[in-house]
Amino acid sequence: MSGHEATAGPMAVTDRVHWIGALDPKMRTFDVILKTPNGTTYNAYLVRGSDGVAVIDTVKAETADQFFARLEAVADYAEIKVIVLNHLEPDHSGALPELMRRAPQATLYISDAAQLMLKALLNNSDIAYTPVTTNDRVSLGDRTLRFLNTPYLHWPDTQCTYLEEEGVLFSGDVFGCHYCDEQLFNDSVGDFRFSFEYYYSHIMRPFKQYVLGALELIEPLQINLIAPTHGPILRDHPRHYIERYRELSTPHLHLEIDRDVKTMIIFYISSYGNTMHMAEAIRDGAAEVGGFRISLYDLEGGEVEPFVDLVEEADAILVGSPTINGDAVKPVWDLLSSFAQINVKGKVAGAFGSYGWSGEAVRMVEDRLRGLKMRVPAGGLRIKLIPSADELENCRDYGRDIGSFLMGRPRAREIDMSQLSAN
Amino acid sequence: MAKAILTFADIGVSVTVPAGTRIIEVSEKVGAGIVYGCRESDCGTCLTEVISGMENLSEPSPIERATLAEHKAGANMRLACQTLVLGDATIKPAI
Ligand SMILES: Cc1cc2nc3c(=O)[nH]c(=O)nc-3n(C[C@H](O)[C@H](O)[C@H](O)COP(=O)(O)O)c2cc1C
Ligand code: FES
Ligand SMILES: [Fe+2]
Ligand SMILES: [Fe+2]
């Protein structure tokens with residue numbers, strides 16, 4: 001961090017709100033999963049009311065000096081009445097213990113769910129706090145903070161804070177992005193559209209349902225400005241970003257085609273065609289059940305990203321892999337490791353594949369599907385080497401089984417546990 | 001061995017199980033909507049509503065009780081990764 005940035009002053013956001021965050025232009029990888037080619041900012045804010053000052057969020061511990069210097073330029077610690085943490089991840093809670101030491105009279109406001117994490121994050125059980133939820137308010141005299149409970153954006157603890165009289169939404173990581181530009185405001189920084197989209201797709205995308213829930217709370221508000229915890233402050237056309245979040249989070253397939261039609265996708269990969277023939281027979285069996293769409297994809301013929309897009313809106317996903325050297329093959333794991341970018345919880349799933357002598361792949365894939373919280377209603381189907389006519393019939397039957405389950409008509413309603421696969 | 005019938009109301013499937021079977025051992029094999037995170041009574045992902053037969057389930061351990069309390073679970077809720085089936089019961093995912 002250069003001396004220039006560390007000493008640069010606070011920035012007025014409105015009459016009553018100052019940016020007191022930190023610039024981190026050298027950051028290159030964030031949270032292990034994100035690339036940050038021009039760094040990031042940790043945005044913290046100070047709100048001044050007639051009856052006290054509130055600090056909204058802090059910064060990463062390594063940049064605390066910038067935060068405290070900017071804070072001291074606009075307020076005395078003794079004036080701080082309220083500290084709000086919208087999100088406890090260390091990039092925003094890093095300077096909290098020191099801030100509470102310097103402003104011991106302040107009350108800390110966090111979400112209900114944050115209580116479960118506070119102790120494990122700060123390793124200090126003595127911290128006093130007040131849990132808040134939607135529509136709880138804190139008065140600063142002529143200015144009022146109102147809380148919005150917006151969980152899982154992107155941790156269980158996340159919330160937003162709305163400054164009523166100014167129409168300012170302190171949104172936490174929501175509407176944020178990793179983009180470092182000391183101009184700070186969206187109408188004066190460089191072109192950050194890529195960073196905004198990239199942040200959404202890597203951080204918010206698995207939680208689309210929760211985004212839609214949060215938008216129900218946010219959209220009715222009068223919003224003059226959005227103040228997120230990373231990247232530009234959105235004062236020019238703030239509604240545009242809200243609309244973009246709605247667009248990105250709304251399922252699209254069901255807008256284009258009949259809402260009630262479900263979708264099954266069968267992925268396979270095959271060296272000699274054995275697993276492929278299984279895939280085709282499973283497709284034929286599932287098609288006999290009818291009432292839903294089926295597509296068949298050879299993983300060798302495509303890229304992971306568009307497949308993940310398809311999976312996101314599919315209802316059932318079957319994955320076929322041969323066993324090679326005691327494992328499923330890499331394209332299958334590449335696909336499955338990318339499911340963490342989306343929400344697959346509760347989708348119907350299954351595994352199948354041909355093998356030569358030990359056949360580990362199917363069980364390993366099945367465990368992975370269950371580990372991802374998908375529902376695997378029938379034990380995976382393994383066939384030794386080339387599927388015979390009888391074995392292809394077993395494949396069709398497996399397809400009928402999964403298809404019936406998908407349609408809400410499981411074929412067996414009464415089962416003895418001994419009939420269930422040992423796995 | 002004593003048997004019990006465990007019914008998954010969300011998918012309409014009943015499974016006859018040996019008494020003492022853990023719910024997690026069955027629900028994953030029939031594709032019931034109950035899903036699991038930690039599998040050891042820490043996260044609350046497997047929160048399950050007991051529609052009937054609460055008296056036929058094992059007593060919650062202190063650690064299960066603590067996790068149920070953290071999730072503000074009602075008196076009709078259990079964790080499927082912990083609960084043993086001792087007699088007939090009907091359940092469905094709570095979340
Ligand atoms: C983007 C992101 C997503 C996370 N998702 C989960 C999660 O799904 N479940 C969980 O238990 N913890 C989750 N965490 C919390 C991390 O596991 C936790 O912060 C951990 O202490 C990080 O360890 P590290 O310092 O070794 O990276 C997530 C953290 C980040 C940054
Ligand atoms: S799976 Fe985590 S509590 Fe049961
Ligand atoms: Fe975060
Ligand atoms: Fe963050």
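The shown structure was predicted, so the numbers you read here are calculated from the model rather than taken from an experiment. Just so you know, these numbers use all the heavy atoms, side chains as well, and skip hydrogens, waters and symmetry mates. Proteins come first, then strands; the chains are lettered A, B, ... in the order of their sequence lines, and each starts at number 1.
- Among all heavy-atom pairs drawn from R370(A) and R39(B), the shortest one is O-NH2, 3.9 Å.
- For P93(B), no part lies under 4.5 angstrom from a heavy atom of chain A.
- Per-residue heavy-atom pair counts under 4.5 Å with chain A were compared for G31(B), G37(B), A32(B), and the maximum is reached by G31(B).
- Other residues, nucleotides and ligands place no more than 12 heavy atoms under 6.0 Å from the NZ atom of K92(B).
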Kindly indicate, with the supporting measurements, whether the criterion side chain to side chain contact (heavy atoms under 4.5 Å, CB included) is fulfilled by R375(A) and D10(B). CA-CA 12 Å; R375(A) 301 156 65 189; D10(B) 60 327; 4.1 Å; yes
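- At a 4.5 Å heavy-atom cutoff, the contact between T45(B) and chain A is made by side-chain atoms alone.
- Using a 4.5 Å heavy-atom cutoff, the side chains of I11(B) and R413(A) are not in contact.
- We find the CG-NZ distance between D416(A) and K3(B) to be 5.0 Å, quoted to the nearest 0.5 Å.
- No more than 12 heavy-atom neighbours from other residues, nucleotides or ligands sit within 6.0 angstrom of CD on Q209(A).
- Of the atoms belonging to A412(A), it is backbone heavy atoms, and not side-chain ones, that fall under 4.5 Å from chain B.
- In this structure, the portion of D112(A) lying under 4.5 Å from any heavy atom of chain B is its side chain and not its backbone.
- Contact annotation for V13(B): both backbone and side-chain heavy atoms come within less than 4.5 Å of a heavy atom of chain A.
- Between M417(A) and the options V26(B), T16(B), V30(B), a side chain to side chain contact (heavy atoms under 4.5 Å, CB included) holds for only V26(B).
- For OH of Y36(B), the number of neighbouring non-hydrogen atoms (other residues, nucleotides, ligands) closer than 6.0 Å is greater than 12.
- Only the side chain of T21(B) comes within contact range of chain A, with heavy atoms under 4.5 Å apart.
- Note that the NZ atom of K373(A) and the CD atom of E28(B) stand 11.0 Å from one another [nearest 0.5 Å].
- Residue E55(B) places its CD atom among more than 12 non-hydrogen atoms of other residues, nucleotides or ligands, all under 6.0 Å distant.
- More than 12 heavy atoms of other residues, nucleotides or ligands shown are found within 6.0 angstrom of CZ on F339(A).
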